[in-house]
Amino acid sequence: MYKVLLVDDEILIRERISQRIPWESLGYELRGTCENGKEAIEFMEKQPVDLVVTDICMPYVDGLELAKYLYENEKRTKVVIITGYDEFEYAKKAVEYRVLSYVLKPVTAVELIEKLEEAKKTLESEEANLQVRTYYEGSFPLLKNQFLLQLSKGKFQEEEIEEKLKEFHIDFQGECYCTALLYPRVELEKRELVQMSSLINREAGEDVLAFEGDDNNIILYVKKKNSSQLKKDMAHICEAAAKSIERELNIPVFSLIGTCVFRLGGMGFSYEKAMELKEYLYLERDKGIYEWDKYQKYKLSAQGMICENDREKRIVLAVRSNLSEEVMKEVCGIRAECVERWIAKNKVVVLYQSLILAVMNFFERLNIVDDAFFLKEQEIISGLFGCTYISEMEKKVLEFFEMAVEMMNSNRGNYGDHQAIAALEYINSHYADCDLSLQEICEKLAISVSYFSSAFKNYTGMTFVEALTKRRMEKAIELLENTSLKTYEIAEKCGYNDANYFSAIFKRTTKMTPREYARTLMSRKGTYEKQNQI
């Protein structure tokens, strides 16, 4: 219901209008009646109304003065004038003060009802417009943020961007632009992101526009007069914003900087390049700044590979030798290399897993893996992909290697057997080396020749030379049975420079020379073929 105040200095007119108009059915509530404009103003100061129906000629403050007062102080309150004065000046003043209707006396109930219905339509229309305006004003920050977000996704043409900038009162014209993304290290609530963007907009200056992204992040648009200045300033701007956020809100953030573009319509491209860096957040780089241009240099020069350099062998040796510091150095070296070379997360996870599996394989060969250790290994390997940052991965991997060192120490009583097994592995992979010697293996195992010889004999029942010869002869027989290589070629592949010496060793082992052994094989093969033909 709209509230109405009736103002007339004649009591009979006030009573007649009050009683004959069906206020409620018209959508009105008659809140009161007054004798003059002065009394009406005092009434409305205590009880505001939507519509005033007033006479013109009244003492103290007449109807036009009342209309003027409302026009200047209460623009939302509408006025309908009922008067016996049909003069141009009165009508002119009524128009000037935005009076809705100017009705001449004597007025019938029908005529007044018609004017009240017209007034109601005006009030309803203004109320609807006010609701829309109020909603728009309340939603303005959200709509503005949505526009800026859509701009980062390349949703607008250049002419549309100009219109939107004017609509949202944004003055952001420059010669070149760049997008940066600020990612908090923890999940934040919406209000915290709003605090972050407000803080940046307050402190960063007119060249920076900050707003909330849709990925638990803050997006920065930065403009400058030239690209070289923009590239130079981007890291400083992001660093300053990050420091302010951490100082004021105690929220550490990473900064991802896209590439420069030369029109606002290209902000989507800059945003896309910044987003490409997101997968490298796990590296936790110093100052937390990731720049696409620097990343691109590594990408183009094919640097995104991890240097192997026998890393698995070194980590196994460090665990086997109880060198915890060497283990720490090796694992921490991986982290430094990944940061320097921009290694993708999946590659470093695979590397960590390969190191763990290398140690597990070594332990399994030594038969010292228990169920608890096996379950821990499985837990760590499967959990690496779920780690957010490389420091978490590093912690898990070091935890595994610490357990491995402890297990190795607890099985140190079988050390001689372990070393013998390691020596057999080395022989198996290096038997073709003509210079392979007992001294070389002892150096690799970091063990004395005398202790090794005793331990090896106890475990295998053979000397080192006997074991090496046995492996070489096994390989020679395999080559004779499966290839057509000549004797000197087989000798070289089995670690002998001298074919005659090889033949002598082979005969001593098999009671036949390599040639005789080969003929025997051919004879057997021929007999087998005849049997098949029959």
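Summarising the geometry, atom CG belonging to Asn346 is positioned 12.5 Å from atom CG belonging to Leu384; distances are rounded to the nearest 0.5 Å. Between the CE atom of Met196 and the CD atom of Glu212 there is a distance of 9.5 Å, given to the nearest 0.5 Å. Taking CD of Gln229 as the start and SG of Cys260 as the end, the distance is 11.0 Å to the nearest 0.5 Å. To the nearest 0.5 Å, the span separating CG on Leu148 from CD1 on Ile170 amounts to 4.5 Å. We find the CD1-CD1 distance between Ile380 and Ile356 to be 5.5 Å, quoted to the nearest 0.5 Å. Atom SG of Cys178 sits about 10.5 Å away from atom CZ of Phe262, to the nearest 0.5 Å.
Counting only heavy atoms from C-beta outward, the side chains of Leu264 and Phe156 never approach each other to under 4.5 Å. Considering only heavy atoms from C-beta on, Leu249 stays 4.5 Å or farther from Glu192 through its side chain. In this structure, Phe211 and Asn201 have side chains that are not in contact, with every pair of non-hydrogen atoms separated by 4.5 Å or more. Contact of the Glu377 side chain with the Leu357 side chain is registered, since non-hydrogen atoms from C-beta on lie closer than 4.5 Å. Contact of the Ile334 side chain with the Arg311 side chain is registered, since non-hydrogen atoms from C-beta on lie closer than 4.5 Å. Side chains of Ile343 and Tyr282 form a contact here, defined as non-hydrogen atoms less than 4.5 Å apart. Counting heavy atoms from C-beta outward, Val253 and Ile218 have side chains that stay 4.5 Å or more apart. Looking at Tyr280 and Trp342, their side chains come closer than 4.5 Å, going by heavy atoms from C-beta outward.
Within the 6.0 Å centre-distance limit, the rings of Tyr389 and Phe254 are counted as a close aromatic pair. When ring centroids are compared, Phe373 and Phe400 come within the 6.0 Å threshold.
In this structure, Tyr221 and Phe172 have tilted ring planes: the angle between them lies in the 30° to 60° band. Between Phe147 and Phe168, the ring-plane angle classifies as parallel under the 30° and 60° cut-offs. Using cut-offs of 30° and 60° on the angle between ring planes, the pair Tyr517 and Phe506 is perpendicular.
Within a 6.0 Å radius of CG in Asn250, no more than 12 heavy atoms belonging to other residues, nucleotides or ligands are found. By the 6.0 Å contact criterion, CD on Glu325 is open, its count of non-hydrogen atoms from other residues, nucleotides or ligands being 12 or less. At most 12 heavy atoms of other shown residues, nucleotides or ligands fall within 6.0 angstrom of atom NZ in Lys493. Residue Tyr501 places its OH atom among 12 or fewer non-hydrogen atoms of other residues, nucleotides or ligands, all under 6.0 Å distant. With a 6.0 Å radius and a threshold of 12 heavy atoms from other residues, nucleotides or ligands, Met403 has its CE atom above the threshold. Summarising the local packing, NZ of Lys457 is surrounded by more than 12 heavy atoms from other residues, nucleotides or ligands at distances under 6.0 Å. Within a 6.0 Å sphere centred on NZ of Lys313, other residues, nucleotides and ligands contribute 12 heavy atoms or fewer.
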- [ ] Applying salt bridge (Lys or Arg N to Asp or Glu O under 4.0 Å), run through Glu399 and Lys376 and close with a yes or a no.
- [x] CA-CA 10 Å; Glu399 180 185 351; Lys376 190 64 178 178; 2.9 Å; yes
Open item on the list: Evaluate Glu203 against Arg247 for salt bridge (Lys or Arg N to Asp or Glu O under 4.0 Å), listing each step before the verdict.
Closed with: CA-CA 13 Å; Glu203 295 189 357; Arg247 183 185 66 248; 3.7 Å; yes
Task: Derivation and outcome, side-chain contact (heavy atoms from CB on, under 4.5 Å), residues Thr179 and Val261 - done: CA-CA 9 Å; Thr179 302; Val261 294; over 6 Å; no
Open item on the list: Would Leu193 and Ser197 count as a side-chain contact (heavy atoms from CB on, under 4.5 Å) here? Give the steps.
Closed with: CA-CA 6 Å; Leu193 291 172; Ser197 61; over 6 Å; no
Open item on the list: Using salt bridge (Lys or Arg N to Asp or Glu O under 4.0 Å), reason through Lys166 and Glu163 one step at a time and then give a plain yes or no.
Closed with: CA-CA 5 Å; Lys166 291 178 182 177; Glu163 293 176 6; over 6 Å; no
Open item on the list: salt bridge (Lys or Arg N to Asp or Glu O under 4.0 Å), that's the test. Do Lys470 and Glu474 meet it? Break it down for me.
Closed with: CA-CA 6 Å; Lys470 179 176 179 291; Glu474 289 171 350; 2.7 Å; yes
Open item on the list: Could you go through Arg185 and Glu284, starting from their C-alpha distance and side-chain angles, then the distance that decides it, and tell me whether this counts as side-chain contact (heavy atoms from CB on, under 4.5 Å)?
Closed with: CA-CA 10 Å; Arg185 293 179 184 239; Glu284 302 174 278; 4.1 Å; yes
TODO: Start with the C-alpha gap between Asn217 and Lys278, add the side-chain angles, then the distance that decides, and say whether side-chain contact (heavy atoms from CB on, under 4.5 Å) holds.
DONE: CA-CA 11 Å; Asn217 63 354; Lys278 186 182 175 183; over 6 Å; no
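A distance-only check finds no donor-acceptor pair linking the side chain of Glu291 to the backbone of Ile257 [under 3.5 Å]. Under a 3.5 Å cut-off, the side chain of Tyr290 and the backbone N or O of Leu281 do form a donor-acceptor pair. Within the 3.5 Å criterion, the main-chain N or O of Pro184 finds no donor-acceptor partner in the side chain of Asn216. Under a 3.5 Å cut-off, the side chain of Ser198 and the backbone N or O of Gln195 do not form any donor-acceptor pair. No donor-acceptor pair under 3.5 Å is formed between the side chain of Ser270 and the backbone N or O of Met267.
Looking only at atom types and distance, the side chain of Asn482 has no donor-acceptor partner in the side chain of Glu478 under 3.5 Å away.
The shortest heavy-atom contact between Ala235 and Ile289 is O-CD1, 3.6 Å. The shortest non-hydrogen separation linking Val319 to Phe401 is CG2-CD2, 4.2 Å. In this structure, Tyr352 and Arg335 approach most closely via the heavy-atom pair OH-N, 4.4 Å. The two residues Ser255 and Leu182 make their nearest non-hydrogen contact at OG-CD2, 3.2 Å. Residues Arg472 and Asp433 come closest through the heavy atom pair NH2-O, 2.9 Å. Taking each heavy atom of Lys345 and Phe385 in turn, the nearest pair found is NZ-O, 3.5 Å.
Judged as a side chain to side chain donor-acceptor pair (under 3.5 Å), and not counting sequence neighbours, the contacts of Glu158 are Arg263.
The residues Glu276 and Lys273 are annotated as salt-bridged, a charged nitrogen and a carboxylate oxygen being separated by less than 4.0 angstrom.
Residue Phe464 is tested with Ile427, Thr469, Leu424 for a side chain to side chain contact (heavy atoms under 4.5 Å, CB included); the sole match is Ile427.
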